[in-house]
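Comments concern the structure below.
Chain A is the first sequence line, chain B the second, and so forth, proteins listed ahead of strands; every chain is numbered from 1.
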Number of protein chains: 2
Amino acid sequence: MIQEIEDAYSFVFEKELLQEISEVGNLKTFDENDRIIEIGDHVTSMPLLLNGAIKILREDKEGDELLLYFLERGDTCAMTLSCCLGHTKSEIRAVAEMETSLVMIPIEKMEEWTSKYKSWRNFVFESYHSRLSEMLDTIDTIAFLNMDERLLKYLRDKAKINQNEIVQITHQQIAYDLHTSRVVISRLLKKLELKGKISLQRNSIQVIDL
Amino acid sequence: MIQEIEDAYSFVFEKELLQEISEVGNLKTFDENDRIIEIGDHVTSMPLLLNGAIKILREDKEGDELLLYFLERGDTCAMTLSCCLGHTKSEIRAVAEMETSLVMIPIEKMEEWTSKYKSWRNFVFESYHSRLSEMLDTIDTIAFLNMDERLLKYLRDKAKINQNEIVQITHQQIAYDLHTSRVVISRLLKKLELKGKISLQRNSIQVIDL
DNA sequence: TATCCTATGTAACCAATGTTACTGTACACG
DNA sequence: CGTGTACAGTAACATTGGTTACATAGGATA
């Protein structure tokens, strides 16, 4: 296990901390679409992403979802971090975007490491910083872009995360993530195809205009 | 100056830190509608709010604005904090909502205090936590609510911040904050008035349904 | 092959929001 | 007291996105 942690975090943490992580950390793996954290969950440990990718979702009272952002190798969920430190329940849902492995750090270690390791402090602050930026980006997207632009951005992000210009997904699933209806997505996808930006197949979409 | 700092932060920081703050902190005051931070500004100090209120705005490429949230006494701008620590430029605009006073802390002190004072660490983490929550709330609002609901929420927030059920504002200004047009706001305000939730006067709105 | 299920395409219509254009009104100021 | 300017009301129309309904196609399986 130490090897995977080193691969993903050796440029971030000092040797001693890496050692501690591999001692107290709990390795977990998830398959695609597994739910990692549920809204309202009491969070007692903090995840460090080793491999794979996670999508973070928000839900309203009616149960409608909205994709907030993706997390990749080397990221942590600042939202969860925030819950840990504030001892509050999770305000978001985390779902494995693909096969994913992560180390869970018990929250007791958090404060200890915060005073002990400067690299840990920096990591925590850096995580907050990138998450706030991601949130701003999300707000820009939903506030300033039309659905067709949001859709194209979504497909590009998805292609990037999966390192594959062919995105395996149904129109219905896109509709869930963007908080709209399947018909709207089908309609806009067709328009994007006519403009030459994508190519449509059953169960998959090729992003041409990356 | 030490007195104002004590009034606003004595329940948060230990005596010693309060003392340091009043030594190195730079007191500044702003009038209503003064711009405190501009997008792209290089941030070299971190504000602690003593009195008044600040609104935080986002802007798109076309210069259209969107209100993110308000800050009140005892708050700090986690976004600015984040910029300080990451040595990046401001991604938001901060405008005084009323007469406002704040202490500016030079960023050099940030790291020092983070290792030295536990109360400071907690304050910083707590700030990040509340800002992430605010951002989630903002996302909920723009993603899940219709314009009439957003408008009512806006007026309630505004009334709360100003501690006055009569909000002094023009339809045009509301339109800027909610990123829509004046005509739309006038139309919806009229509907809200007919429903008995508000009462309209020139340059002001009384919020009845708080 | 017949059948069934899921995914997709599309028309027709509706609701919410944005735009343009014009009107009226309060208020400041010469 | 007249006039200009900012603010507000509203009609008419355009556009975007959401809904309903139905048709068709791909692919799995009996």
query: Mind checking what makes ring-ring contact (aromatic ring centres under 6.0 Å, His included) contact with B/F144, not counting sequence neighbours?
result: A/H179
- request: Return the set of residues passing side-chain hydrogen bond (donor to acceptor under 3.5 Å, both in side chains) with A/K153 (not counting sequence neighbours), or none when no residue passes.
  value: A/D137, A/D157
- line: Looking only at heavy atoms, the pair that brings B/I142 and B/L66 closest together is CD1-CD2, 4.3 Å
- request: Quickly work out the A/Q172 CD to C/dT8 P distance and round it to whole Å.
  value: 9 Å
Donor + acceptor pair across side chains of B/S186, B/R182 (<3.5 Å): yes
task: Kindly write out the residues that satisfy side-chain hydrogen bond (donor to acceptor under 3.5 Å, both in side chains) with B/S204, not counting sequence neighbours, or none if the list is empty.
output: B/Q201
field: side chain to side chain donor-acceptor pair (under 3.5 Å) between A/T29 and A/E99, intermediate numbers included
entry: CA-CA 7 Å; A/T29 58; A/E99 210 182 302; over 6 Å; no
message: Just the rounded figure in Å: distance from C1' of C/dT8 to CG of A/L192.
response: 16 Å
message: I need the CD-P distance between B/E62 and C/dG18, as an integer number of Å.
response: 15 Å
Chain A footprint on DNA chain D, 5' to 3' - any atom under 4.0 Å from a heavy atom: D/dG17 to D/dG26
field: DNA chain D-proximal residues of residues 141-152 of chain A, any heavy atom under 4.0 Å
entry: A/N146, A/M147
statement: note: B/I185, atom CD1; C/dT17, atom C1'; distance rounded to Å ~ 11 Å
message: Parallel, tilted or perpendicular, judged at 30° and 60°: which one describes the rings of A/W120 and A/F123?
response: tilted
message: Donor-acceptor check, side chain of B/D60 to backbone of B/E62, threshold 3.5 angstrom: yes or no?
response: yes
message: Cation-pi check for A/Y128 against B/R131: NZ or CZ below 6.0 Å from the six-membered ring centre and within 45 degrees of the axis, yes or no?
response: no
query: What is the distance from CZ of A/R202 to P of C/dG9, rounded to the nearest Å?
result: 10 Å
- request: Would you mind reading off the distance between A/K191 atom NZ and C/dT10 atom C1', rounded to a whole angstrom?
  value: 13 Å
message: Please check: side-chain N/O of B/T100 versus main-chain N/O of B/A53, any donor-acceptor pairing under 3.5 Å?
response: yes
task: Give the rounded distance in Å between these two atoms: CD of A/Q168 and P of C/dT6.
output: 19 Å
query: So, does B/Y176 use its side chain to make a donor-acceptor pair with the main chain of B/L67 at under 3.5 Å?
result: no
task: Could you check B/T170 against B/R187 and say which one's nearest nucleotide on DNA chain D is further toward the 5' end?
output: B/T170
message: Tell me which residues in residues 175-184 of chain A lie within less than 4.0 Å of DNA chain C, going by non-hydrogen atoms.
response: A/R182, A/V183
